[in-house]
Amino acid sequence: MRHMPDPKLPEKRWSIDLEKSIQEEHYADKNLYNRRYAFNPESGKELFVVDTPPPYPSGTWHIGAVAQYSMIDVIARSQRLLGKEVFFPWGVDRNGINIEFTVEKNTKRKMKTYERAEFLKLCESTIETFTQAMRDTARRVGLSCDFDREYLTDAPDYRSVTQSIFVELFKKGDIVEDLRPNIYDPVEGTTIADAEVERLPRKTKLVDVRWVCEDGEELVISTTRPEMICACGVVVVHPDDERYRHLVGKSVHLPLETAGRSTTVPVMQHPSVKSEFGSGILMVCSFGDQNDVAVFRELGLTPFQAIDLDGNMTEVAGPLQGLSVLEARKQATLMLEQQGALVQVVEREQEIPVSERGKNPVEIILLKEWYVRQTHIQDRMRELIEDITFHPPRNRQFLIDWMDNISIDWPISRRRWYHTEIPIWYSEDERRVVVPPAGSYVQPWRDSPPDGSRVLDRITREDLGSFEELKSSLGTITGEEKVFDTWMDSSNSNLFVSGYLNHPDVFERAFPTALRPQGKEIVRTWLYYTLLKSTLVLDQPGFQHVWIDGLGMDPWGRKMSKSLGNGIDADSVLECGAGGRTGSWKVKGPDGSVSLQANKIGSECFRLWKACDAQVGDDFQINPEEIEKKYFGVLTKLFNVARFASQFEVPENLEVVPAELAPEDMWILAEFQSTMDHVRMAWENLDIYTATQALKTFGTGLLPSHYLEMVKSRLYDDDKAAAWTLHRIVRDFMSAFSPVCPFFTHHVSATVYGASAVEVDAFPSPPLPELNPGTDEGRRLCSLSTTLQDFNGRTWAAKKEAGISLNQPIENMPIPDELGEFSATLTRMHHLV
RNA sequence: GGGCUCGUGGUCUAGGGGUUAUGACGUCGCCUUCACAUGGCGAAGAUCGCCGGUUCAAUUCCGGCCGAGCCCA
């Protein structure tokens, strides 16, 4: 046997250390990096802008989110491979109450005890350290973002867009100020949106209170909020409830003392009453819950303001004035008891609404706040989103469901600090407002209006003239102190990355934004609000495609959370195997603590796992042991195929098909072209799963097990056609596979073929179009594959049966007639006699 | 309490009205050493959550129930 040249790929196998050194090289050379991945709108290619979810830096990055980002990267890379000019932005969402909490916790001081400017500085420096950790993880998992164009939602350029959009919508009348019931967190002192409310189970006391009608009839009403009696506007019963029909129209006395209001309320009918709950009679207060809000609105009642901004009872509560809500509740119960109006108290489990971030029980109170009008535009939004392709299609339903529930406008003002400021000043008489010109970022709590600001009528929004001219007539102006809800910022992300305001020429070509990838848990917030903005501002659908992924779960299918102790750190998985260190994780399972171990994972294996293991939209279980077991072997196999190929000389020109291809070369090319056709279509459809599965099946199955075994001897004999076929397939395979494993394929292709797979900007074309799927010859050759695999398998099995090694001759293995064209090859391969 | 989604060998997963239900991991047996034991061949292992209905035929369609997840009240 003659000595074979050393393989061009020197490493014996794929390793995490190799992966890391390739990665470091990849990110170190900035010029090269930008040439590969930076957005160049002038390239002449079709634009494909990805509205990357800007992560919120809060210490560690959740592994489920990192997995999702790696798939967004796969999409970005696959679109580049298809020849698109991809903008894969890297943005970081840094506004918000979370960082305020972190600073409060770190310094053990409440926000409002600081100077506002001082507190903002603390927030900014704290969030910057978290941001840096996130940038590192982004590179470690291989994201090909345009990092030089990083945007931060707390930076002036981003905030100016938010402010400009506010001014625009205010002028159009789509943003209004109003005194309305608001969900309010009295502990944090801020309004919050519907979407930020969650429910926690808590024990509460349900008290049955005796009320007395004008005519002396007594009725019993159950309530968990006796302190709200002072804000009661009406007592209601169900229209079908025979028991109480006679009460309708009567007046009942409030069972507690109040101040400055009528001491009786009417009894009316309302269908929202649950007749089987308690006595079936409901007191409606401003505001015990959302249903109360609806009843007040529907019956046209004037609400009372019973709770102030600090969460204390107001004047209307009479003797309870000044008490906190909880104290007032106790006191009210006590007073009812003393008056003999208390029938009974029952302890029960109830889900109470709390703020998502502070976990404080929220109140619904009347406040003057800023709102984005949204109820009037739902029908138009529905029409516009028809044009958006959802991946998977069924996840469109999450959005529709949420939209079905929209009944009130979106409150966007918050009484917090580390957020974008509401860009408005009020005249001394409060009838006029000053707004800044488009493109500027202002902080009205400390700045004066900049040049170019306009004066508007506060109610009619009529433009009264420039601020410079009218300045003296406004009196002392007051800057707005409130800020925006963070969704007001992040729902501009697609506009921002598509060039809105900043790059009008790009925006024209890039909008609707090609792709919004995100998790399904923020459909009702991020996706919904973004689409709302696109509708209000541009009357367009915000996106061409929306790709909604499932959630990362623990190995038992449960949500990962701190309280369950079942979290897995992203970096530990990506670094598993580096420097020979193994990974081990202690995870709390349903039956106690479980120890998981893996030897090597890294980014390529991690990405391959996510690409192969779950379809988009499905929740996925994250188990490092399984990731390694199921997918590291695939990398090893593919690496070995490439390494094996790399010992044979690479033909001068891989584009020119040799004249003398053998039948098995034609066969594998037909199979390869069929695979590649599937892969190309899958990449076009943003279908990562199908593309990766097809490549994996071909690359670890037919190619090595059957084709390589068939042509080995030809390769050793220096057969040019076999070498050409193998190299052409390996090279193009690496290109098609590069979106999933960019560093792996880069290494192989750059080392063996001198051109990196990550730079390929056209999907590899089939070398023999006459063998494409759909052609007769292509179909014929592919149809032989089953028979061929079956024959090879039977032969190997027969040798095993006979106890002989694979390179021993074997008798009585007739080659099936269909495989006639391969008979010489098969005879030589199996040593058939 | 409501809505939506999901429920396929031990584990994860493909599929879809019709003869023996896909693949992977794991398990077991055997093989090999001239690309690859991080390999190859083979075997065992599923009443496709449960109960009804539609149908000549359902795991696949419909309804109910149970379980999981997300969201809402």
Side-chain angles (χ1 to χ4, degrees), chain A residues 1-4 6-7 9 12-15 194-195 197-199 272 274 276-277 289-291 294 351 353 392-407 519-525 528 548 550-559 577 590 599-600 605 609 612-615 617-623 625-648 689-690 693-694 696-697 700-701 703-706 708-709 712-713 715-716 726 730 789 792-808:
Chain A
M1 184 159 303
R2 95 194 161 85
H3 176 73
M4 293 308 301
D6 288 335
L9 281 170
K12 290 212 95 164
R13 56 183 60 112
W14 181 251
S15 71
D194 231 11
V197 176
E198 64 173 42
R199 281 166 188 267
S272 68
K274 285 185 193 132
E276 65 287 356
F277 185 83
D289 57 30
Q290 288 287 6
N291 185 54
E351 296 218 316
R394 65 169 192 269
N395 278 4
R396 179 195 298 269
Q397 201 57 43
F398 293 128
L399 179 66
I400 303 286
D401 286 350
W402 174 243
M403 288 176 60
D404 285 342
N405 285 317
I406 299 285
S407 60
K520 68 181 180 189
E521 75 283 9
I522 49 175
V523 167
R524 66 187 173 136
T525 49
Y528 171 75
I548 300 177
L551 273 47
M553 300 293 188
D554 81 357
W556 301 273
R558 305 171 306 170
K559 191 178 176 174
N599 293 319
K600 53 211 169 310
C605 182
W609 156 74
C612 277
D613 218 51
Q615 294 258 35
D618 289 347
D619 293 344
F620 50 96
Q621 301 187 4
I622 304 174
N623 183 340
E625 283 188 0
E626 289 213 345
I627 296 175
E628 178 186 27
K629 274 182 202 147
K630 292 169 81 160
Y631 296 104
F632 205 87
V634 175
L635 288 179
T636 305
K637 189 73 184 173
L638 295 176
F639 191 82
N640 270 314
V641 171
R643 188 166 182 271
F644 174 73
S646 79
Q647 68 190 307
F648 306 105
Y689 180 89
T690 303
Q693 286 285 345
K696 182 185 140 211
T697 303
T700 62
L703 179 68
S705 300
H706 298 275
L708 283 190
E709 295 301 333
K712 247 181 194 173
S713 49
L715 288 167
Y716 290 133
L726 177 58
V730 170
Q789 289 175 84
N792 286 337
R794 275 191 290 119
T795 310
W796 289 321
K799 288 193 176 180
K800 188 192 84 180
E801 192 81 9
I804 57 179
S805 80
L806 292 183
N807 50 15
Q808 294 292 304

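Throughout, a chain's letter reflects where its sequence line sits, starting with A, and its residues are numbered from 1. Because the structure is a prediction, the values reported are computed rather than measured.
Considering only the side chain of E626(A), rU11(B) comes nearest among rU11(B), rU38(B), rG69(B). For K630(A), taking side-chain heavy atoms from C-beta onward, the closest of the listed nucleotides rC12(B), rC36(B), rC4(B) is rC12(B). Nearest to the side-chain atoms of E521(A) among the listed nucleotides rU13(B), rC36(B), rC71(B) stands rC71(B).
Taking the six-membered ring where the residue is Trp, W609(A) and F620(A) present perpendicular rings, their angle passing 60° and hence far from 30°.
Using a 4.0 Å heavy-atom distance criterion, Y689(A) is classed as a sugar-phosphate-only contact. Counting any heavy atom pair closer than 4.0 Å across all strands shown, P704(A) reaches a base atom. Within 4.0 Å (heavy atoms only), L551(A) reaches sugar-phosphate atoms of the nucleic acid but no base atom. Contacts of K12(A) with the nucleic acid, taken as non-hydrogen atoms under 4.0 Å apart, are absent. The residue Q621(A) sits close only to the backbone: its heavy atoms come under 4.0 Å of sugar-phosphate atoms, none of a base.
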* **Where protein sits on nucleotides 26-31 of chain B, one letter per nucleotide: B base, S sugar-phosphate only, - none, heavy atoms under 4.0 Å** => S--BS-
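Side-chain contact between F644(A) and Q647(A) is present, with at least one heavy-atom pair separated by less than 4.5 Å.
Going from atom CZ of R643(A) over to atom CZ of R13(A) covers 9.0 Å, rounded to the nearest 0.5 Å.
One cannot find a donor-acceptor pair under 3.5 Å joining the base of rC70(B) and the side-chain atoms of K520(A).
Summary of the strand contacts: S705(A) and K637(A) both lie near RNA chain B, and taking for each the nucleotide with the nearest heavy atom, the more 5' one is attributed to K637(A). Both Q397(A) and T697(A) sit near RNA chain B, but only Q397(A) has its closest nucleotide nearer the 5' end.
Residue H706(A) contributes atom NE2, which lies 10 Å from atom P of rG40(B) at whole-angstrom precision.
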